[in-house]
Novice: 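Take this structure, written in structure tokens, and hold onto it; I'll ask about it next.
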Amino acid sequence: CCRMKEAAEHNMKMHPMWQEPLAIPGGDRQSPIDIVVRKSVYDSELKPLVTDYDPQTCQQIWNNGYSFLVEYDDTTDKSTVKGGPLQDKYRLCQFHFHWGESNAWGSEHTVDRKLFSAELHLVHWNSDKYSLFEEAVMEENGLAVIGVFLKVGKRHEGLQKLVDALPAIRHKNSVVDFNRFDPACLLPSNTDDYWTYHGSLTTPPLTESVTWMVMKQHIEVSHDQLAVFRSLLFTSADEEVQKGMVNNFRVQQSPCGRTVRSSFS
Ligand SMILES: Cc1cc(=S)c(O)co1
Ligand SMILES: [Zn+2]
């Protein structure tokens, strides 16, 4: 809608990270995209996703000036995803969200142009082939990101522990300890139905190393829970002008002829 475009344009001007760089590595498999359901291709070979998360590997939550990240210890294969379109096992390193200033928009991907209020990204890297995230992030099959749409409705009990930690990290570069959080509680009940395609990170360095798995089923969070996301700030405590952390989504990119496959018919 026009208000969303206005917000996105405002962001492009205000925050360097949302200004699209002139040269993008490769540039023909960027994310996010609109998922055109009638153009997606059912692939019966796609298996169910297998996530195996250990809440003990949860370490901290911090505001990186783009979003807030919940970081996991990825020095062992304790929290992983495999199956689905993936040939290898991928280690969870962090999850974060993208959201709008209004419930009317905020997601990065859309489904037949339908916008959701926010989008969760669970970021994993290929630990069968690489030894560090920093290495995997540069490689074609380096990352696997699970995307989950958030819709405003009933309160999400599992999310509340995370929401309660946000006031402590209002400013950019603030961090607090955060333990024993099981990210599986943020997944929809049905993780067998998803769309998958090859794309990129949606924030710099925008590298084209991501196998995306976008869940068909959304999760619900309450208006109040999302309002706490919007109480975060893009800016650090010492900056004279404080900017509310909202509309931290990237504008949609061209599919460039890519096919989105679905795990369901
Ligand atoms: C690694 C990474 C992935 C995504 S999708 C993001 O927004 C930021 O960082
Ligand atoms: Zn993201």
Side-chain angles (χ1 to χ4, degrees), residues 8 11-12 15-21 24-26 29-35 59-74 79-81 86 90-100 105-110 115-127 130 132-150 159 162 169 172-173 175 183 186-187 194-215 218-219 221 226 229-230 232 234 245-253 258 260:
N11 255 5
M12 302 272 255
H15 306 301
M17 73 95 37
W18 301 109
Q19 274 150 10
E20 294 297 321
I24 289 174
R29 42 172 285 198
Q30 289 289 296
S31 294
I33 59 171
D34 175 44
I35 295 168
Q59 288 184 319
Q60 59 191 20
I61 184 169
W62 69 293
N63 177 332
N64 71 347
Y66 305 144
S67 179
F68 62 91
L69 309 187
V70 177
E71 292 194 319
Y72 285 75
D73 165 20
D74 61 357
S79 289
T80 58
V81 64
L86 305 173
Y90 289 67
R91 240 178 238 175
L92 176 69
C93 59
Q94 52 106 327
F95 70 80
H96 63 273
F97 298 80
H98 302 266
W99 61 89
W105 66 79
S107 62
E108 297 212 300
H109 292 90
T110 50
L115 291 149
F116 290 84
S117 300
E119 187 172 329
L120 159 65
H121 288 158
L122 293 141
V123 180
H124 313 73
W125 55 273
N126 187 332
S127 55
Y130 309 107
L132 282 176
F133 168 82
E134 288 71 19
E135 201 186 323
V137 73
M138 305 308 289
E139 304 296 332
E140 168 112 13
N141 56 4
L143 303 186
V145 182
I146 296 175
V148 181
F149 293 119
L150 275 64
L159 187 74
L162 196 154
I169 56 162
K172 177 179 175 184
N173 295 330
V175 55
L186 298 176
L187 294 173
Y194 57 85
W195 292 282
T196 183
Y197 77 98
H198 290 293
S200 73
L201 300 187
T202 64
T203 57
L206 301 172
T207 41
E208 299 182 334
S209 53
V210 180
T211 299
W212 280 95
M213 296 161 292
V214 179
M215 295 296 116
H218 63 267
I219 60 170
V221 301
L226 212 44
F229 283 23
R230 299 185 185 114
L232 293 173
F234 277 129
M245 184 180 275
V246 290
N247 303 323
N248 56 356
F249 53 84
R250 188 188 189 194
V251 293
Q252 293 198 332
Q253 306 296 307
R258 282 173 284 177
V260 174

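Remember, it's 1-based here, ligands and their atoms both numbered in the order they're listed.
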Novice: Check if V145 has a non-hydrogen atom at a distance under 4.0 Å from any atom of ligand 1.
Specialist: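 No; V145 lies far enough from ligand 1 that no heavy-atom distance drops under 4.0 Å.
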Novice: For M215 and F149, which heavy atoms make the closest approach, and how far apart are they?
Specialist: O-CD1, 3.9 Å
Novice: Is any side-chain heavy atom of L201 closer than 4.5 Å to one of S31?
Specialist: no
Novice: Assess the pair F68 and W99: is the distance between their ring centroids shorter than 6.0 Å?
Specialist: yes
Novice: For ligand 1, note which part of F133 has a heavy atom under 4.0 Å away: side chain, backbone, both or neither.
Specialist: side chain
Novice: Please verify whether a non-hydrogen atom of Y66 lies at under 4.0 Å from ligand 1.
Specialist: no
Novice: Does any N or O of ligand 1 fall below 3.5 Å from an N or O anywhere on T202, backbone included?
Specialist: yes
Novice: Atom CD in E119, atom OG1 in T202: separation rounded to 0.5 Å?
Specialist: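 Reported to 0.5 Å precision, the distance equals 8.0 Å.
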Novice: Tell me: protein heavy atom nearest atom 5 (S) of ligand 1, and distance?
Specialist: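 For atom 5 (S) of ligand 1, the nearest protein heavy atom comes out as H121 ND1, 3.3 Å.
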Novice: Starting from atom 3 (C) of ligand 1, find the nearest protein heavy-atom neighbour and note its residue, name and distance.
Specialist: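 Among all protein heavy atoms, the one nearest atom 3 (C) of ligand 1 is L201 CD2, 3.6 Å.
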Novice: At what distance is the nearest protein heavy atom to atom 9 (O) of ligand 1, and which residue and atom is it?
Specialist: T203 OG1, 3.7 Å
Novice: Rounded to the nearest 0.5 Å, what separation is found between the CG atom of N126 and the OG1 atom of T80?
Specialist: 11.5 Å
Novice: Would you say the ring centers of F95 and H124 fall short of 6.0 Å from each other?
Specialist: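 Here the rings of H124 and F95 have centres that are no less than 6.0 Å from each other.
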Novice: Are Y130 and N141 linked by a side-chain donor-acceptor pair shorter than 3.5 Å?
Specialist: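 Yes, side-chain donor-acceptor contact under 3.5 Å.
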Novice: Please check whether W212 reaches ligand 1 - meaning an N/O of the residue sits under 3.5 Å from an N/O of the ligand, judged on distance alone.
Specialist: no
Novice: Geometry only, no angles: is H96 polar-contacting ligand 1 at N/O separations under 3.5 Å?
Specialist: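 It does: an N or O of H96 is found under 3.5 Å from an N or O of ligand 1.
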Novice: If we only consider heavy atoms of H98, is any one of them less than 4.0 Å away from an atom in ligand 1?
Specialist: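 H98 counts as a contact of ligand 1 under the 4.0 Å cut-off.
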Novice: Rounded to the nearest 10 degrees, what's the angle NE2 of H96 makes with ND1 of H121 at the Zn ion (ligand 2)? Could you check?
Specialist: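 My answer is 100°, to the nearest 10°.
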Novice: Are W195 and H109 close enough that their ring centers fall under 6.0 Å?
Specialist: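 Ring centres of H109 and W195 not closer than 6.0 Å.
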